[in-house]
Amino acid sequence: QVQLVESGGGVVQAGDSLTLSCGFSGRTFSNYVGGWFRQAPGKEREFVAAISRIGGRSSYANSVNGRFAISRDNAKNTMYLQMNSLKPEDTAVYYCAGAVKADPFALPTIRGAYDYWGQGTQVTVSS
C-alpha cells in the first residue's frame, strides 16, 4: 500500500523560506511522478509543482514559478518543495501526491491525474 507523509510545515513571516518533505513508502518511488498541491481556506485544491519520475524535469504554477523548487531523491524515497520569498497568499495546506505514469517524463498538473495523496501539512505566512 502506497503511503505519502508530508512534514516541514509551520508559521513563518513574509519573505522567509521553508522546505517541505514528502516521504514515500509501499512501492518503488522512482515509478511515480511527484506533485505538490495546496488548498487555502474556502478555495479549491490547486497545482503547485510536479517533478518527473526520472531526469528531474519539473513544472510550476505561475504563482510560484521562480520562488519554489521541487526536487526528489529516489534513493531516499523522498520529495521536497523548497519555498522561498514566501507571501501571505501562499498560506494553505500543502499536499504531496504520486501518480503512476508510463511516460518517465510526464508532468501532470491536474488533481485527478494523481493516484495517491498525503494527509497535508499547514503552511502559514504572516505579513
For this session: Using modelled atom types only, decide if a donor and an acceptor are shared between the side chain of Y114 and the backbone of P108 within a distance under 3.5 Å.
Result: yes
Exercise. Between E6 and G120, is there a donor-acceptor pair closer than 3.5 Å when you use the side chain of the first and the backbone of the second?
Worked result: yes
For this session: Kindly give the heavy-atom pair with the smallest separation between Y60 and A49, and that separation in Å.
Result: CD2-CB, 3.6 Å
Exercise. Closest heavy-atom contact between Y116 and L4?
Worked result: CB-CD1, 3.5 Å
Exercise. Out of curiosity, does V5 fall in the hydrophobic cluster containing V48 (side-chain heavy atoms, cut-off under 4.5 Å, transitive links)?
Worked result: no
For this session: Identify whether L86 and V11 are in the same connected component of the hydrophobic contact network (ILVMFWY, side-chain heavy atoms under 4.5 Å).
Result: no
Problem set entry | T124 backbone acceptor or donor facing T91 side chain under 3.5 Å | no
Exercise. Does L107 sit in a hydrophobic cluster with other residues, and if so which ones, taking ILVMFWY side chains as linked at heavy-atom separations under 4.5 Å, directly or through other members?
Worked result: none
Problem set entry | cation_pi(R38, Y95) dist<6.0 Å, angle<=45 | no
Exercise. How long is the span from the OG atom in S127 to the NZ atom in K87, to the nearest 0.5 Å?
Worked result: 14.0 Å
Exercise. Would M79 and W117 show up in the same hydrophobic cluster when neighbours are defined by side-chain heavy atoms closer than 4.5 Å?
Worked result: no
Exercise. Relative to the ring of Y94, is the ring of F68 parallel (under 30°), tilted (30 to 60°) or perpendicular (over 60°)?
Worked result: tilted
Exercise. Say you draw a straight line from CG of L18 to CD of Q82; how long is it, rounded to the nearest 0.5 Å?
Worked result: 8.0 Å
For this session: Working to the nearest 0.5 Å, report the span between SG of C96 and OH of Y80.
Result: 12.0 Å
For this session: Classify the ring geometry between F24 and Y32 as parallel (under 30°), tilted (30 to 60°) or perpendicular (over 60°).
Result: tilted
Problem set entry | Between OG on residue S126 and CG on residue D16, distance to nearest 0.5 Å | 8.0 Å
Problem set entry | Check: S17 main-chain N/O paired with N84 side-chain donor or acceptor under 3.5 Å | no
Seminar exercise, completed: When V123, T19, D90, V125 are each screened for side chain to side chain contact (heavy atoms under 4.5 Å, CB included) with M83, the one that passes is V123
For this session: Report whether F47 and I70 are members of the same hydrophobic cluster (ILVMFWY, side-chain heavy atoms less than 4.5 Å apart, transitive linking).
Result: no
Give the table of side-chain donor-acceptor pairs shorter than 3.5 Å for residues 50-59, with sequence neighbours excluded, one pair per line with atom names and distance.
residue: S52; atom: OG; partner: I54; partner atom: O; Å: 2.6
residue: S52; atom: OG; partner: R57; partner atom: N; Å: 3.0
residue: S52; atom: OG; partner: R57; partner atom: O; Å: 3.4
residue: R53; atom: NE; partner: S30; partner atom: O; Å: 3.2
residue: R53; atom: NH1; partner: K101; partner atom: O; Å: 3.0
residue: R53; atom: NH1; partner: A102; partner atom: O; Å: 3.1

Exercise. Do you know which two heavy atoms are closest between Q122 and V93, and how far apart they sit?
Worked result: OE1-CG2, 3.2 Å
Exercise. Can a donor-acceptor pair be found between the side chains of D73 and T78 at a distance below 3.5 Å?
Worked result: no
For this session: For R72 and N74, test the side chains for any donor-to-acceptor distance below 3.5 angstrom and give the result as yes or no.
Result: yes
